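As the structure is a prediction and not an experimental result, all values here were calculated from the model.
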Amino acid sequence: MKIEKIESIAIDIDGTLTGEDRRLDCAAVEAIRKLSIPVILVTGNVICFASAASKLVGTSGEVIAENGGVVKLDFDGEEVILGDKKICLAAYDHLKDLLNLEMIDMRYRKSEVALKRGFDVGSARDLLKGDLLKDFNVDIVDSGFAVHIKKKGINKLTGLSYVSERRGWDLKKTVAIGDSGNDAEVIRGVGFGIAIGNAEEDLKEIADYVTLKDHGEGVVEALEYLGLV
């Protein structure tokens, strides 16, 4: 069941607006540019990437990066850090001698630690839980492109909630579109959540609507289903 009035749309970037080659889908960009409501890019990627993508796509300027850990209200506005890179680094230091880990993008990350995929994420979670002497207060999530160590309780929904409160938007009148496990909270937390065709099965199960098409074509399909284009 679609929501009657849509005030804003939150869209993931990697794997959603991009294809497998990580290039932006031009048809999806063209469809987004036709919208008359704010579009917020919500990503696990870094804030400089998200801000640049926002300008290229032509969205309203609000961006949520690092899985909700960093937000920005407009192109030239201040970056607000909601996460805590220090505790994420402490968790990484605990794990680095026990697992084969490789940091990525750390020059640009401000709220979390990103790791190259290829190690057992479940083992990493267990190792942090198994340390009875310290609560690291972090979560570990696999976005499909990297593994992120982030502050517990910080996710794309908390970032979107911050932006929506500042902008006066109602989350119940917001649509979210995504493809990965790190989109789960925001898909559940808004008025209408859409998983695109290439999304993880767990995300499809909690979405209100699943597109038949993948990647950017799925975004276009979603916007057409909502009657926005």
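Take Thr16 and apply the side chain to side chain donor-acceptor pair (under 3.5 Å) test, not counting sequence neighbours, and it matches Asp12, Asp179. Among residues two or more places apart in sequence or in another chain, the ring-ring contact (aromatic ring centres under 6.0 Å, His included) test is passed with Tyr209 by Tyr225. Evaluation of the side chain to side chain contact (heavy atoms under 4.5 Å, CB included) rule for Lys213 yields Glu217, Glu221 as partners, not counting sequence neighbours. Contacts of Ser51 classified as side chain to side chain donor-acceptor pair (under 3.5 Å), with partners at least two apart in sequence or in another chain: none. The side chain to side chain donor-acceptor pair (under 3.5 Å) search around Tyr108 returns none, not counting sequence neighbours. Contacts of Val210 classified as side chain to side chain contact (heavy atoms under 4.5 Å, CB included), with partners at least two apart in sequence or in another chain: Ala195, Lys204, Ala207. Checked against side chain to side chain contact (heavy atoms under 4.5 Å, CB included), Glu62 has the following partners two or more places apart in sequence or in another chain: Ile40, Ser60, Val163, Arg167, Trp169. Listed by chain and number, the residues in a salt bridge (charged side-chain N to carboxylate O under 4.0 Å, His left out) with Glu66 amount to none (sequence neighbours excluded). Remark: Asp139 pairs with Lys150, Lys152 by the side chain to side chain contact (heavy atoms under 4.5 Å, CB included) rule, at least two apart or across chains. Considering only residues two or more places apart in sequence or on other chains, Arg117 meets the salt bridge (charged side-chain N to carboxylate O under 4.0 Å, His left out) condition with Asp142. Every residue meeting the salt bridge (charged side-chain N to carboxylate O under 4.0 Å, His left out) condition with Arg22, not counting sequence neighbours, appears here in chain and number order: Asp14.
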| query | Where do Asn137 and Lys151 land on the side chain to side chain contact (heavy atoms under 4.5 Å, CB included) test, with the steps shown first? | reply | CA-CA 6 Å; Asn137 196 34; Lys151 182 182 178 181; 4.3 Å; yes
| request: For Ile196 and Ile177, run side chain to side chain contact (heavy atoms under 4.5 Å, CB included): C-alpha distance rounded to whole Å, both residues' side-chain angles, the deciding distance at 0.1 Å, then the answer. | output: CA-CA 7 Å; Ile196 55 173; Ile177 305 173; 3.8 Å; yes
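A donor-acceptor pair under 3.5 Å is formed between the side chain of Ser180 and the backbone N or O of Ser143. Side-chain atoms of Ser164 never come within 3.5 Å of backbone atoms of Asp170 as a donor-acceptor pair (strictly under, hydrogens ignored). In this structure, the side chain of Asp25 does not engage the main chain of Leu17 through any donor-acceptor pair within 3.5 Å. Put simply, the side chain of Asn198 never gets that close to the backbone of Asp214: no donor and acceptor are under 3.5 Å apart.
Looking at Met103 and Leu89, their side chains come closer than 4.5 Å, going by heavy atoms from C-beta outward. For the pair Ile13 and Phe49, the minimum side-chain heavy-atom distance is below 4.5 Å. A 4.5 Å side-chain heavy-atom check between Asp183 and Val42 finds every atom pair outside the cut-off. Counting heavy atoms from C-beta outward, Leu160 and Tyr162 have side chains that stay 4.5 Å or more apart.
Between Glu102 atom CD and Leu115 atom CG the span is 9.0 Å, to the nearest 0.5 Å. Residue Lys156 holds its NZ atom at 9.5 Å from CD of Glu185, rounded to the nearest 0.5 Å. The CG atom of Asp135 lies 9.0 Å from the CD1 atom of Ile87; values are rounded to the nearest 0.5 Å. Taking CD1 from Ile140 and CG from Leu95, the interatomic distance works out to 5.5 Å, rounded to the nearest 0.5 Å. Taking CD1 of Ile37 as the start and CD1 of Ile32 as the end, the distance is 11.0 Å to the nearest 0.5 Å. Here the CD1 atom belonging to Ile154 is positioned 5.0 Å from the CG atom belonging to Leu82, to the nearest 0.5 angstrom.
Contact between Thr211 and Gly197 at its shortest, heavy atoms only, is OG1-N, 2.9 Å. Here the closest non-hydrogen pair linking Ala28 and Gly216 is CB-O, 3.7 Å. Summarising the geometry of Ile149 relative to Cys88, their closest heavy-atom pair is O-SG, 3.2 Å, with the distance given to 0.1 Å. Between Val46 and Ala65, the shortest heavy-atom contact is C-CB, 3.8 Å. Contact record, Ala124 with Phe119: CB-CE1, 4.0 Å, taken as the closest heavy-atom pair.
A side-chain donor from one of Asn67 and His148 sits under 3.5 Å from a side-chain acceptor of the other. Judged by distance alone, the side chains of Ser54 and Thr59 do bring a donor and an acceptor atom under 3.5 Å apart.
In the hydrophobic cluster analysis, where Ile, Leu, Val, Met, Phe, Trp and Tyr join through side-chain heavy atoms closer than 4.5 angstrom, Leu41 is grouped together with Leu226. Put simply, Val141 and Phe145 are part of two different groups of oily side chains (I, L, V, M, F, W, Y) that touch within less than 4.5 Å, one to the next. In terms of hydrophobic clustering, with Ile, Leu, Val, Met, Phe, Trp and Tyr side chains grouped at heavy-atom distances under 4.5 Å, Ile9 and Leu24 are assigned to a common cluster. One hydrophobic cluster, built from ILVMFWY side chains closer than 4.5 Å, cannot hold both Leu203 and Val175; they sit in different ones. The hydrophobic cluster containing Val147 also contains Leu127, counting ILVMFWY residues as joined when their side-chain heavy atoms lie under 4.5 angstrom apart, directly or transitively.
For the pairing with Leu101, the side-chain contact (heavy atoms from CB on, under 4.5 Å) check across Asp97, Leu98, Leu99 returns one residue only, Leu99.
For residues 69-91, the pairs satisfying side-chain hydrogen bond (donor to acceptor under 3.5 Å, both in side chains) are Glu79-Lys110, with sequence neighbours left out.
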